[in-house]
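See below for the structure under consideration.
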Protein chains: 2
Amino acid sequence: MSKRVGLKDIAEALNVSITTVSRGLNNKFDISKETRKAILEKADELNYRPNAYAVSLRKNEYFTIGVIVPSVDHYFFSTVLKGIMNKAHLSNYLVLIGESTHDLNKEKEVIEQFVSHCVTGVIISPSNKSSYSNNLDILVKKRIPYIVVDRPVKESDAPCVKYDDPNGAFLAVEHLIEQGYRKIAYLKSYDYCVISNARFQGYKDALAKHNIPFNPNFVKTCHLIDQENQEEEGFFATKQLMLAVDKPDAIFAVNDDLAAGAYRLAEKLNLNIPRDLGVVGYSNSQISRHLKPQLTTVEQPGIEMGELAFDFLQQSIIGNKSKLTKTFDARLIVRDSSIRGAETKYKKQKDNKRYANSI
Amino acid sequence: MSKRVGLKDIAEALNVSITTVSRGLNNKFDISKETRKAILEKADELNYRPNAYAVSLRKNEYFTIGVIVPSVDHYFFSTVLKGIMNKAHLSNYLVLIGESTHDLNKEKEVIEQFVSHCVTGVIISPSNKSSYSNNLDILVKKRIPYIVVDRPVKESDAPCVKYDDPNGAFLAVEHLIEQGYRKIAYLKSYDYCVISNARFQGYKDALAKHNIPFNPNFVKTCHLIDQENQEEEGFFATKQLMLAVDKPDAIFAVNDDLAAGAYRLAEKLNLNIPRDLGVVGYSNSQISRHLKPQLTTVEQPGIEMGELAFDFLQQSIIGNKSKLTKTFDARLIVRDSSIRGAETKYKKQKDNKRYANSI
DNA sequence: AAAATCGACGAAAACGTTTCCGAAACAGAT
DNA sequence: ATCTGTTTCGGAAACGTTTTCGTCGATTTT
């Protein structure tokens with residue numbers, strides 16, 4: 001069991017003081033070329049690595065950020081994380097990662113763990129339930145900069161990188177209306193889910209703009225436990241809708257997985273998408289391109305959002321007091337699941353054109 | 001700018017020594033009820049959090065593990081990460097995360113960063129190129145326990161949680177053979193990619209067992225840069241295969257994304273899957289269930305593998321010297337992309353049956 | 001030749017904890 | 001009265017660094 005090698009070991013081996021060794025390794029000025037060379041060689045020989053804990057403690061600077069997402073294997077969050085890590089690596093930040101799993105207590109535990117570990121900043125995509133939580137206050141009290149991603153917290157003016165969710169939903173629903181759909185259902189998440197409500201607003205706004213009365217029977221709440229169950233929830237919600245007397249002719253789902261459930265039901269009932277049932281999802285997740293017909297969906301540029309979140313956090317860390325908030329413009333990715341009439345008539349977007357002239 | 005509150009602040013406020021405060025907070029025995037109560041109250045009032053850096057430095061125990069994966073937004077790795085985090089949270093371990101992006105230098109940087117941060121252990125899914133690397137030697141020299149996940153490193157007896165890749169490929173290819181396919185192509189990754197080679201072996205073994213001659217023209221190398229390009233690579237590789245004189249009648253792809261590219265080409269050429277072209281992928285990623293027809297693929301239980309990796313790491317940390325290695329048995333998930341003949345004849349697996357009796 | 005400057009290094013304090021050791025205060029036993 | 005033991009607390013060292021300050025000898029300036 002070999003002890004960790006420290007400055008002391010190098011010092012003793014070379015018969016110099018610890019101070020000198022430190023100076024040599026950090027390339028300070030008042031040291032001679034020769035001793036410095038000897039120190040570097042010996043450090044290499046002994047495989048010395050500075051103890052970051054001691055360094056940070058002494059210098060009182062901790063190059064560490066904490067990232068909290070509801071779930072790391074959720075596609076969107078994994079892309080946000082990737083964006084953060086892209087930038088963090090460039091700036092030599094250490095990245096701590098924690099999952100809230102939409103559990104406020106766990107979220108709190110993770111935050112306190114991060115606080116104890118002296119993170120210089122936090123990027124958090126709060127749990128769906130966070131509107132009821134004051135977990136972020138912990139960071140405020142500790143004066144730890146943080147950036148909220150994707151889920152704006154109610155009545156908070158915290159720096160935030162978000163997406164124009166209402167408008168995304170608005171574009172989706174208006175697109176359906178323009179395609180001739182009139183009875184558009186909304187598959188939502190829990191009432192406390194901030195983004196679900198934001199999209200709900202866009203849904204209603206689009207209906208209102210086009211003088212289509214809002215029908216509460218066309219709104220179904222889905223219980224989003226994990227990745228796997230979402231499709232099933234979408235399936236059952238759509239089933240309820242389609243077995244009712246007054247059936248919708250289109251589905252707008254709060255995410256792509258629920259939309260996939262609608263696909264399954266359409267298959268069972270021999271409904272043609274988009275002819276009998278238009279479908280639009282949300283998030284542009286991987287499956288959306290692979291569903292058949294390809295699913296119209298709302299883009300969510302996770303990597304860019306993550307990268308910007310890190311940039312904002314760095315600004316906040318260095319004391320930039322300006323309002324660090326950005327709302328990404330919503331963009332609808334129109335694919336075949338919502339194009340009524342001949343698909344050939346529709347001028348496909350770049351997204352679909354990739355393989356167009358390859359054969 | 002409020003300073004971080006430490007033991008000293010509590011001590012001064014209460015007119016006791018730092019030692020006493022520490023004892024009070026850690027519930028040591030030699031302290032009176034009253035002072036302890038006062039200390040706890042004051043600590044709460046001042047919002048005290050122990051400085052984990054100081055604690056770890058003093059106690060010389062760092063409850064921290066590092067996780068290195070090629071890419072966090074790759075579905076399989078994100079599930080492995082989730083498995084690790086499930087367990088880590090239960091054991092109160094801090095999780096550091098780093099990406100190698102299949103870059104050996106970056107992988108090395110991350111490992112050294114982790115070493116400096118005194119991780120008590122590392123779980124790593126090495127870069128594809130790792131067979132040429134000795135990055136893991138850094139950990140060996142430092143006597144830091146580590147567990148390799150998914151990509152066994154050549155000629156290493158490091159603890160490892162892997163998947164029976166050759167057999168997975170064998171099952172896939174044998175299944176195709178049993179379905180009547182005879183000219184089976186393999187879409188592979190780079191030559192240095194360990195898993196690609198392992199699956200290649202299974203592919204060849206299955207052919208050999210059934211006396212089907214190996215045809216090198218049926219093997220195509222795809223350049224896997226990122227998530228997005230894989231499908232395109234699969235598309236072009238399949239295109240080359242299908243435009244040749246001697247066409248294959250089935251594709252076995254080293255991952256589901258390449259298989260999705262084969263789907264695209266089949267669509268372009270109006271080839272029916274599975275009738276004209278059987279397709280089998282690998283990894284059971286989300287898209288595999290959503291492709292149409294659903295893609296036959298090889299299961300990779302990322303969460304379970306991640307959880308086990310953490311368990312192994314803990315064993316290794318507490319000094320368990322037994323051989324901590326587990327190979328998950330390969331399991332083929334048969335879906336419609338490889339079933340020749342009427343799909344109704346095929347007794348669907350549980351995986352597909354979920355919605356069977358729901359309407 | 002004395003004074004000032006300079007180059008190279010070491011001693012010690014500090015970061016925020018924990019822990020070992022000892023001390024003070026008080027009780028009961030002799 | 002002393003002795004022993006218990007309870008409760010404080011002093012100080014230690015963890016591995018960085019940094020401030022001082023020192024010592026050599027070189028340059030006056």
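Letters A, B, ... mirror the listed sequences (proteins, then strands); counts begin at 1. Predicted model only: the values in this text are computed from it and were never measured.
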Open item on the list: Nearest whole Å is fine: how far is C:dC20 P from B:R23 CZ?
Closed with: 11 Å
Task: Protein-nucleotide distance (B:I18, atom CD1; C:dT18, atom C1'), rounded to Å - done: 11 Å
Task: Atom NZ of B:K106: over 12 foreign heavy atoms under 6.0 Å - done: yes
TODO: Under 4.0 Å between any heavy atoms, over every strand shown, what does B:Y48 touch: base, sugar-phosphate, or nothing? Just pick one.
DONE: sugar-phosphate
- [ ] Take the protein atom CG of B:D30 and the nucleotide atom C1' of C:dT18, then report the distance between them rounded to whole Å.
- [x] 13 Å
TODO: Assign A:K8 to base, sugar-phosphate, or nothing according to its heavy-atom contacts below 4.0 angstrom with the strands shown.
DONE: nothing
- [ ] In whole angstrom, give the distance that lies between atom CG of A:L14 and atom P of C:dA8.
- [x] 16 Å
TODO: Indicate yes or no: at least one non-hydrogen side-chain atom of A:F63 is less than 4.5 angstrom from one of A:S56.
DONE: no
Open item on the list: With a 4.5 Å cut-off on side-chain heavy atoms, are B:M85 and A:V72 touching?
Closed with: yes
Open item on the list: Pairing donors with acceptors under 3.5 angstrom, does anything connect the side chains of A:T101 and A:D103?
Closed with: no
Open item on the list: Would you say B:T19 places a side-chain N or O within less than 4.0 Å of OP1 or OP2 belonging to D:dG10?
Closed with: no
Open item on the list: Rounding to an integer number of Å, can you tell me how far A:F29 CZ sits from D:dT20 P?
Closed with: 9 Å
Open item on the list: I need the residues from residues 49-59 of chain B with at least one non-hydrogen atom less than 4.0 Å from DNA chain D; give them sorted by number, or say none.
Closed with: B:L57, B:R58
Task: Mutual orientation of the aromatic rings belonging to A:H74 and A:F76 [parallel < 30°, tilted 30-60°, perpendicular > 60°] - done: perpendicular
Task: Side chain proximity check, B:L96 to A:L96, heavy atoms < 4.5 angstrom - done: yes
Task: Phosphate OP1/OP2 of D:dC9: any B:T20 side-chain N/O under 4.0 Å - done: no
TODO: Would you confirm whether B:E99, through its side chain, and A:K82, through its main-chain N or O, come within 3.5 Å as a donor-acceptor pair?
DONE: no
TODO: Figure out the CD/C1' separation between B:E12 and C:dG16, and round it to whole Å.
DONE: 13 Å
Task: Pairwise 5' ranking along DNA chain C for A:V16 and B:N26, keeping only the more 5' one - done: A:V16
TODO: With the side chain counted from C-beta on, respond yes when B:I65 and B:L94 share a heavy-atom pair under 4.5 Å apart, and no when they do not.
DONE: no
Task: Separation of C:dT17 C1' from B:K28 NZ (nearest whole Å) - done: 11 Å
Task: Whole angstrom value for the distance that separates C1' of D:dT17 from CD1 of A:I10 - done: 12 Å
Task: Cationic N near anionic O, under 4.0 Å, B:E34 to B:K37 - done: no
Open item on the list: Just to be sure I understand the geometry, which residues of residues 32-45 of chain A put a non-hydrogen atom under 4.0 Å away from DNA chain C?
Closed with: A:S32, A:T35
